[in-house]
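Hydrogens, waters and symmetry mates play no part in the numbers below; they use all other heavy atoms, side chains included.
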Amino acid sequence: GRDKLDRVVPILLQVKVTDEPKKSGVAVAAVTHLTEQLCSLKNLAVHGMMALAPLSDDEKIVRLAMERARELFDEIVADRYCGPEFKEFSLGMTNDFEHAIEFGSTYVRIGSALFEGIELSAETAPIGS
C-alpha cells in the first residue's frame with residue numbers, strides 16, 4: 001500500500017549524555033537498539049544524532065560528555081545500523097563549540113553568540129518574548 005503522506009522525514013536522534021534534568025533525549029543505554037529500530041522505518045531517514053553537553057565551567061565534565069556522545073555515534077556508524085545518510089553529528093553550543101568541533105561535530109548551535117549585546121526592540125522581538 002501507499003503511505004499516507006508519501007514522504008520521508010529526515011531526523012537526528014537526540015541522546016541524553018548528561019544527568020541534567022532540563023536536558024532530554026534517548027538514554028545512552030537505549031541508543032543503539034532504538035537507532036536500529038528507527039533506521040528500519042521507511043518513512044524516517046535517520047541522518048545522525050545530536051547531544052548537549054552539560055552546562056558547566058568544568059572543562060573535564062563537558063569533554064567527558066562529548067567523548068561519550070562521539071563514542072555512541074561511532075558505534076552506530078561502525079555497526080551499520082543505518083545507511084550512509086547517517087553522518088551528521090550535532091554537538092556544541094556557544095559556550096562549548098570549540099570542544100564540539102574537536103570531537104567532530106558537523107553542526108553547532110551558536111545563537112547566543114550571534115545576538116550577544118544586540119538590543120531587540122519591541123517591534124523586532126519574537127512574539128511571546
ILVMFWY cluster, L52 and V17 together (side-chain gap under 4.5 Å): no

Distance, nearest 0.5 Å, that separates CD1 of I76 from CD of E71: 12.0 Å

Pair Y81 and F86, ring centroids less than 6.0 Å apart: no

R80 side, atom CZ; E36 side, atom CD - distance, nearest 0.5 Å: 14.0 Å

Any side-chain heavy-atom pair of V26 and K16 under 4.5 Å: no

Joint hydrophobic cluster, V77 plus V31, side-chain heavy atoms closer than 4.5 Å: yes

Distance-minimising heavy-atom pair for E88 and Y107: OE1-CE1, 3.3 Å

Within one Ile-Leu-Val-Met-Phe-Trp-Tyr cluster: F73 and L38, side-chain cutoff 4.5 Å: yes

Side chain to side chain, F97 and R109, heavy atoms closer than 4.5 Å: no

Atom of P54, atom of V62 and distance for their closest heavy-atom approach: O-CG2, 3.6 Å

Beyond-backbone contact of L44 with V8, side-chain heavy atoms, under 4.5 angstrom: no

Atom pair CG/CG of L64 and D58 - distance to nearest 0.5 Å: 8.5 Å

Least distance between heavy atoms, V108 atom then A100 atom: CG1-CB, 4.1 Å

Within-4.5 Å side-chain heavy-atom neighbours: H99 and E59: yes

Closest contact, heavy atoms only, M66 versus G92: CE-CA, 4.4 Å

R70 to F89 six-membered ring, cation-pi geometry met (6.0 Å, 45°): yes

E20: salt bridge (charged side-chain N to carboxylate O under 4.0 Å, His left out) partners, not counting sequence neighbours: K23

Any R7 side-chain heavy atom under 4.5 Å of N43 side chain: no

Co-membership, hydrophobic cluster, residues V46 and L34, 4.5 Å side-chain: yes

I101 side, atom CD1; D96 side, atom CG - distance, nearest 0.5 Å: 10.0 Å

Side-chain heavy-atom pair L55, N95 within 4.5 angstrom cut-off: yes

Shared hydrophobic cluster for L72 and I11 (ILVMFWY, side-chain gaps under 4.5 Å): yes

Of M49, H47, M50, the residue whose pairing with S90 passes side-chain contact (heavy atoms from CB on, under 4.5 Å): M50

